[in-house]
Amino acid sequence: MFDAALLARYDRPGPRYTSYPPATAFTPQFGPGDYADAARQSNSEPIPRPLSLYVHVPFCFSPCFYCGCMRIVSRDPARTEAYLGYLQREAELTAPLFDRDREVLQLHFGGGTPNLLSPAQLERLLRSLREQFSLAEGSRLEAGMELDPRSADADYVHALAGLGFNRVSLGVQDFDRGVQQAVNRLQSLEQTRNVVEAARAAGMRSVSIDLIYGLPLQTVEGFGETLRQVIALAPDRIAVYGYAHMPERFRAQRRIRSEDLPDGATRNALLGRAVEALGEAGYSYIGLDHFARRSDALVAAQQQGQLQRNFQGYSTHAACDLIGLGVSAISHIGTSYSQNERELSGYCAALDAGRLPLVRGLSLSPDDVVRADAIQQIMCHARLDTAAFGARHGLDFDTAFAATLAQLAPLAAQDLVTLQPGLITVTPSGRFLLRVIARCFDNHDGALDTVRPLSRAV
Ligand code: SF4
């Protein structure tokens, strides 16, 4: 049901809905006191939610030109070591805000390149986190790390498994040498295969691979070859992100020649090739950018109505409160979002002064809470039972969402959604335009997601 012409018609900027409202709606009025209030309130829920920890490690040893992540290019081990101390200090300030019996079920290290932390540094950090928080024991803890296969080998992966990590996610983007040169990321198939095989041998529960379409010099044939090579590695999950060229915002992207970028038709053909190849190889399309093997927990969670969407993409874990640690990290506690200082100097200065380093955030209004739920349903389950939804929130859906229904009507005429009494269903073609459909529920008009700012709708 992939329709390239339809996608081309709707290919314009839009939020990715890893949060609603998007991070651009966060304001500096939300401070550490509001965060402490949100934590206190979350402790007093009748059944407090479990916790999820995200640790951001910003350092990378070289810049990939397409990158829009918060990262600092540095090869200085002293900086990493000093940063580790700040993470520990932040954990010490944060943990007392949460009841000690709230179990941490998820731990995720992202970046940057978190595998620049040595096994010894990681062990120290984990010990400190265990002292501060109640991390679930053994395999009950879902512990993942984003890996750069250029700087991780089999020994490192086995060391990770020994520390309790059971998931890894590998950046690949494209194996074509010309594309890799154009984006300053030379990474061989062998390097990648070594890490994947080590993860399997070490008993990791899940291996994911990230690809990007729309990169300079990409061709449908070349990307098809990358897809063939990636499928042969048999990862459990594959993400295929669309590259958005925004050199005015991201300095590194200025090194990419705009004349080398594929045109709109080629971009859609690249995505079409991915959809076709991954479908043939037995991967299910989960939603925005994400594919998983039919045996994967994400597919089961989607079928059972349990799928969630958060800052790391799709997740099987029902509501956890998310505590973000590290420069630029985002937290989601109850009905609040907050984000740490994005500059390393400001992050460290706050902690040196004994303050939490968060500098912006948002307490969701009752209207935000309702809309966030509707957007979550569309993004995760491609349908919204408006009757059950109205009953859950104590409102008459057709009245409260009259403006949304008016915006959805032209999408229904294009066969992207079906509007029935009591039910909105995304059609198979509409599933490739979830962001366009979700945007009809968005009351923070025009705000763009800065968390992973690949902001084209397709
Ligand atoms: S893509 Fe990953 S490895 Fe490359 S610069 Fe960005 S964060 Fe670093």
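The structure displayed is predicted, hence computed values, not measured ones. In this chain, residues are counted from 1 in sequence order. Whatever order the structure lists them in is the order used to number ligands and atoms, beginning at 1.
A salt bridge does not link Arg355 to Glu341: none of the charged side-chain nitrogens sits closer than 4.0 Å to a carboxylate oxygen. Residues Arg79 and Asp76 are not paired through a salt bridge, judged by the lack of any N-O separation under 4.0 Å between the basic side chain and the carboxylate. One finds a salt bridge joining Asp352 and Arg89 here, because a Lys/Arg side-chain nitrogen approaches an Asp/Glu carboxylate oxygen to under 4.0 Å.
The ligand atoms of ligand 1 that sit less than 4.0 angstrom from a heavy atom of Tyr66 are 1 (S).
For the side chain to side chain donor-acceptor pair (under 3.5 Å) with Tyr66, the lone residue among His245, Gln253, Gln173 that qualifies is Gln173.
Considering only non-hydrogen protein atoms, atom 6 (Fe) of ligand 1 sits nearest to Cys67 SG, 2.4 Å.
For Phe30 and Tyr337, the ring centers sit 6.0 Å or farther from each other. Two rings, from Tyr54 and Phe311, have their centers 6.0 Å or more apart.
Among Arg185, Arg71, Gln173, Glu146, the residue whose heavy atom lies nearest to atom 2 (Fe) of ligand 1 is Arg185.
With a 4.0 Å cut-off on non-hydrogen atoms, Val73 does not touch ligand 1 at all. Residue Cys60 touches ligand 1 through its side chain alone, judged by heavy-atom distances below 4.0 Å.
Residue contacts with ligand 1 leave out Gly171, since none of its heavy atoms falls under 4.0 Å from the ligand.
Cys64 lies close to atom 4 (Fe) of ligand 1, since one of its N, O or S atoms is found at a distance under 2.8 Å.
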